[in-house]
Undergrad: 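Shown below is the structure under consideration.
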Amino acid sequence: LPVVFAIAFVPIVFAGIRFLNVFLLVRIAQQFVADLRLTLYERFLNLSLRYHGRHSAGSLIQRLMSDVGQVQSLEGGEAIQILGDMIIFLFSVSVAFTLSVHLALICLVTMALYVGIFHLFSKRIRAATLSYRKLNDRIAARLQETLAGVRQVQHRGMHIRFQHRA
């Protein structure tokens with residue numbers, strides 16, 4: 001009977017966590033991200049001219065938006081999802097220990113293998129992520145420079161047309 005009660009209790013706890021996520025944390029997360037963007041924008045404005053000369057505007061904007069986006073996704077929903085998953089995992093392991101010690105040990109060994117494999121590949125994942133970010137920075141820089149060039153050509157064309165009308 002306690003196991004049945006516990007199995008019925010987990011979805012209720014999980015629904016409560018979702019409720020907190022939607023009504024409380026999302027609002028806090030949105031304000032935090034807005035403050036973070038403003039702070040980073042002010043910091044970018046105060047950087048030296050040398051720094052801005054070495055980095056294109058497109059790559060700076062790409063980096064700013066992707067970093068803030070990652071913080072927003074972690075703070076806005078993924079943190080609650082991680083917390084909920086941890087609660088469910090701990091509950092599942094405790095139920096597994098109640099039902100069978102062997103079953104629980106198999107679950108824990110499987111989890112340990114997963115963590116070990118993740119740790120083994122984490123350096124490769126970080127390197128691939130860094131490479132991906134650098135590629136995105138180059139694409140954003142090229143796009144920004146191209147759009148700025150198009151704007152200058154359009155402006156020059158309008159200037160020439162205006163001169164011919166006069």
Side-chain angles (χ1 to χ4, degrees), residues 10-11 13-96 103-156:
V10 167
V13 170
F14 198 67
I17 290 172
R18 292 268 184 207
F19 176 80
L20 288 175
N21 181 28
V22 172
F23 288 105
L24 299 176
L25 294 179
V26 169
R27 176 171 283 221
I28 294 168
Q30 287 175 346
Q31 184 61 45
F32 176 77
V33 168
D35 292 343
L36 179 64
R37 282 191 174 137
L38 182 62
T39 302
L40 289 174
Y41 177 71
E42 289 171 352
R43 184 166 169 91
F44 273 135
L45 291 178
N46 291 326
L47 292 172
S48 68
L49 289 176
R50 180 184 296 164
Y51 181 85
H52 286 286
R54 284 185 302 199
H55 300 88
S56 69
S59 66
L60 292 175
I61 291 169
Q62 171 66 24
R63 180 63 54 96
L64 173 67
M65 295 307 288
S66 67
D67 288 351
V68 171
Q70 287 177 350
V71 169
Q72 185 176 16
S73 67
L74 178 63
E75 186 181 14
E78 291 179 16
I80 295 298
Q81 182 68 37
I82 291 169
L83 178 65
D85 290 345
M86 287 175 52
I87 290 171
I88 288 173
F89 172 74
L90 291 174
F91 173 75
S92 299
V93 169
S94 65
V95 168
L103 178 64
L105 291 176
I106 289 171
C107 290
L108 291 176
V109 167
T110 304
M111 182 57 76
L113 286 173
Y114 172 78
V115 169
I117 290 171
F118 179 79
H119 182 68
L120 179 69
F121 288 104
S122 65
K123 290 180 182 176
R124 290 183 190 173
I125 292 169
R126 269 192 218 109
T129 301
L130 182 60
S131 174
Y132 172 76
R133 286 183 74 163
K134 286 181 180 178
L135 177 64
N136 272 346
D137 288 349
R138 286 194 304 254
I139 290 170
R142 180 68 184 243
L143 179 63
Q144 189 271 338
E145 291 166 2
T146 301
L147 291 175
V150 167
R151 185 176 295 151
Q152 288 178 353
V153 168
Q154 288 174 343
H155 179 70
R156 179 77 176 139

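What you are looking at is a predicted structure, and each value in this text was computed from that prediction instead of being measured. By convention here, the first residue in the shown sequence is residue 1.
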Undergrad: How far does CG of Leu130 sit from CG of Leu135, to the nearest 0.5 angstrom?
TA: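 Rounded to the nearest 0.5 Å, the CG-CG separation comes out at 11.5 Å.
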Undergrad: Main chain of Ala127, side chain of Ser131: is a donor-acceptor contact present, judged purely on distance under 3.5 Å?
TA: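 No, Ser131 side chain to Ala127 backbone: no donor-acceptor pair under 3.5 Å.
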Undergrad: To the nearest 0.5 Å, tell me how far Leu103 CG sits from Leu108 CG.
TA: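 Spacing of CG (Leu103) from CG (Leu108) equals 9.5 Å.
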Undergrad: First locate atom OH of Tyr114, then atom OG1 of Thr110, and finally report the distance between them rounded to the nearest 0.5 Å.
TA: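 Answer for the OH-OG1 pair, Tyr114 versus Thr110, is 13.0 Å.
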Undergrad: How about OH on Tyr132, more than 12 heavy atoms from neighbouring residues, nucleotides or ligands closer than 6.0 Å, or not?
TA: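 Not buried by this count: 12 neighbours or fewer within 6.0 Å.
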